[in-house]
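Beneath this line is the structure, given in structure tokens, with notes to follow.
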Amino acid sequence: MTETEELTDAIAKLPKVELHHHIEGAAQPELVRRMAQEKGLNLSNIFDGSGAYKYADFLQFLDVYEQAVRPFQTPEDYARLTRSNLEEAAAHGVVYLETFVSPAFCGGGDVAAWKEYIHAIREAAAAVPGIDMRVIVTPVRHFGPDPAKAAAACAQDTAGDFVTGFGIGGDENAGHLSDFTYAFDAAREAGLGLTAHAGEWGGPQSVRDAIDHLKVTRIGHGVRAIEDAKLVEYLAASGIVLEVCPQSNVALGVYPSTRAHPIAKLRAAGVRVTVSTDDPPFFHTTMTREYEELARAFDWGVDDFRALGKTAAEAAFCDEDTRAALSEKLETFHV
Ligand code: ADE
Ligand code: ZN
């Protein structure tokens with residue numbers, strides 16, 4: 001084998017820990033089409049000629065995302081989605097996955113309905129071998145603060161060993177993060193780990209807002225912190241972890257290429273970075289592809305990817321036994 005082939009082989013086999021993944025955003029287009037047909041929905045406008053998701057920019061992406069959610073209506077639909085997502089992730093060596101789930105899509109913010117969705121998702125996840133999953137309850141920012149409060153009530157009622165985090169996604173330019181302080185305070189009181197999408201479409205101030213107003217320990221993306229040297233220093237000193245999704249950023253046009261992506265600079269500055277896929281089929285990515293692109297762009301090797309995985313295990317919203325088992329899997333992996 002050539003050196004490149006050896007690295008490709010090692011990347012495929014390396015155990016991977018993924019912290020930033022949206023349950024509906026991971027839906028394979030084939031599954032969405034099949035479910036749409038079963039429910040009598042016409043979603044042909046969200047796919048291109050080759051059957052892939054079609055969008056021109058971030059706001060269109062969010063719109064296509066919300067249309068792709070439409071066929072997923074019942075707890076059983078979400079169980080099917082969970083099985084499909086986990087089988088796909090496990091095939092790429094993911095051994096632990098945190099996925100964002102929004103009460104707005106799963107029961108409309110009603111706590112009793114949400115519990116049924118979580119029950120179905122949990123059972124489906126437990127049936128897929130080789131991969132462990134946790135849920136991050138995630139209000140959608142452009143739906144506003146009231147649905148976020150309802151999401152926090154759902155989170156409080158299901159917080160435990162499966163529902164372990166609270167986050168926020170959606171349009172980063174809608175409203176202000178301080179509108180969501182109430183929801184994040186409630187989630188923190190329920191013992192949940194906290195993360196927020198920031199520093200993807202908003203600049204460094206958006207990252208500062210997430211830290212100041214929501215008191216998160218992880219940031220979804222956060223990469224635009226690179227535009228503010230003081231903030232980079234602060235992130236490195238505080239140990240806040242970035243959930244970096246390079247191919248998402250390239251596909252949506254935040255950066256023109258992997259080589260132009262700031263992940264290597266952030267890492268070199270001492271910021272704790274991890275790597276995830278975000279919405280894999282939307283961005284034609286997988287965890288394997290994420291690592292391969294980083295290897296090509298920055299000459300990273302197995303030990304770099306092991307280090308990213310260890311940081312992810314340290315930052316995971318899980319119990320200490322699970323964390324120790326993940327760290328051990330990463331440490332004992334040999335090419
Ligand atoms: N929801 C799904 N993917 C997202 C992204 N990349 N940014 C914000 N919200 C999202
Ligand atoms: Zn995301």
Side-chain angles (χ1 to χ4, degrees), residues 18-29 32 46 52-70 72 81 85 89 94 97-106 134-144 147-148 151 165-177 179-180 183 193-203 206-207 209-210 214 216 218-225 241-255 261-263 273-287 290 312 315 317:
E18 182 167 16
L19 302 182
H20 189 116
H21 172 278
H22 298 257
I23 193 165
E24 300 93 355
Q28 296 297 326
V32 173
I46 67 169
Y53 292 114
K54 178 177 70 177
Y55 55 87
D57 56 29
F58 178 61
L59 291 181
Q60 253 187 39
F61 157 77
L62 288 178
D63 184 51
V64 169
Y65 186 112
E66 281 166 35
Q67 292 197 58
V69 173
R70 288 172 55 213
F72 298 100
L81 176 58
N85 287 358
V94 179
L97 175 77
E98 291 181 3
T99 195
F100 296 117
V101 186
S102 300
F105 299 138
C106 297
R134 299 290 186 276
V135 163
I136 300 178
V137 184
T138 304
V140 178
R141 182 158 167 175
H142 53 273
F143 294 175
F166 193 76
I168 187 164
D171 182 1
E172 198 179 329
N173 292 315
H176 193 271
L177 278 182
D179 301 338
F180 299 93
L194 304 180
T195 178
H197 282 64
E200 177 192 22
W201 299 102
S206 161
V207 176
D209 287 344
L214 307 182
V216 296
R218 297 187 348 207
I219 306 270
H221 301 284
V223 287
R224 299 228 4 234
V241 169
L242 304 189
E243 304 153 7
V244 183
C245 308
Q247 297 315 310
S248 161
N249 295 156
V250 173
L252 288 171
V254 182
Y255 299 103
H261 193 283
I263 185 169
V273 300
T274 63
V275 168
S276 296
T277 59
D278 208 5
D279 308 283
F282 279 87
F283 309 134
H284 303 280
T285 195
T286 60
M287 279 298 276
E290 295 290 337
F317 297 149

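For ligands, and for the atoms within them, numbers begin at 1 and follow the listed sequence. The first residue of the sequence shown is numbered 1, and numbering continues consecutively from there. The structure presented is a predicted model; accordingly, all values stated were derived computationally and were not measured.
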Is the Zn ion (ligand 2) under 2.8 Å from any N, O or S atom of [X]?
{"X": "Cys245", "answer": "no"}
{"X": "Glu200", "answer": "no"}
{"X": "His20", "answer": "yes"}
{"X": "His197", "answer": "yes"}

- Task: Quick one: look at Phe61 and ligand 1, take heavy-atom pairs under 4.0 Å, and tell me if it's side chain, backbone, both or neither.
- Result: side chain

- Glu172 contact mode with ligand 1 (heavy-atom cut-off under 4.0 Å): neither

Return the closest protein heavy atom for [atom] as residue, atom name and distance.
{"atom": "atom 3 (N) of ligand 1", "answer": "Asp279 OD2, 2.7 Å"}
{"atom": "atom 9 (N) of ligand 1", "answer": "Gly170 N, 2.9 Å"}
{"atom": "atom 6 (N) of ligand 1", "answer": "Asp278 OD2, 2.7 Å"}
{"atom": "atom 1 (N) of ligand 1", "answer": "His22 CE1, 3.3 Å"}

- Tell me, which N, O or S atom in Asp278 is closest to the Zn ion (ligand 2)? OD1

- Which N, O or S atom name in His22 marks its closest approach to the Zn ion (ligand 2)? NE2

- Any donor-acceptor pair under 3.5 Å from Asp179 side chain to His176 backbone: yes

- Within the side chain of Arg218, is there an N or O that forms a donor-acceptor pair under 3.5 Å with the backbone of Ala315? yes

- Would you sort out whether His22 and Phe105 count as a ring-ring contact (aromatic ring centres under 6.0 Å, His included), showing the intermediate values? CA-CA 12 Å; His22 298 257; Phe105 299 138; over 10 Å; no

So, is [X] polar-close to ligand 1, with some N/O to N/O distance under 3.5 Å?
{"X": "Glu200", "value": "yes"}
{"X": "Leu252", "value": "no"}
{"X": "Trp201", "value": "no"}

- Item | Contact with ligand 1 for Phe58, non-hydrogen, under 4.0 angstrom | yes

Could you pull out the closest heavy-atom pair between [X] and [Y], with the gap in Å?
{"X": "Ala148", "Y": "Phe180", "answer": "CB-CD2, 3.5 Å"}
{"X": "Asn85", "Y": "Ala26", "answer": "OD1-O, 3.2 Å"}
{"X": "Ile168", "Y": "Leu214", "answer": "CG2-CD1, 4.5 Å"}

- Give the atoms of ligand 1, by number and element, whose distance to some non-hydrogen atom of His221 is under 4.0 Å. 6 (N)

- Message: I need the atoms of ligand 1 closer than 4.0 Å to a non-hydrogen atom of Tyr65, numbered in the order shown.
- Response: 2 (C)

- Stepwise salt bridge (charged side-chain N to carboxylate O under 4.0 Å, His left out) check, Arg224 with Glu172: CA-CA 13 Å; Arg224 299 228 4 234; Glu172 198 179 329; over 6 Å; no

- Which of Glu18, Glu290, His21 passes side chain to side chain donor-acceptor pair (under 3.5 Å) with Thr277? It is Glu18

- Query: Taking side chain as C-beta onward, heavy atoms only, is Met287 less than 4.5 Å from Leu97?
  - Reply: no

- Does His20 reach the side chain of His197, with side-chain heavy atoms less than 4.5 Å apart? yes

- Message: Run the side chain to side chain contact (heavy atoms under 4.5 Å, CB included) test on Phe283 and Phe61 for me, step by step, so that the C-alpha distance in whole Å, both residues' side-chain angles and the decisive distance to 0.1 Å come before the verdict.
- Response: CA-CA 10 Å; Phe283 309 134; Phe61 157 77; 3.7 Å; yes

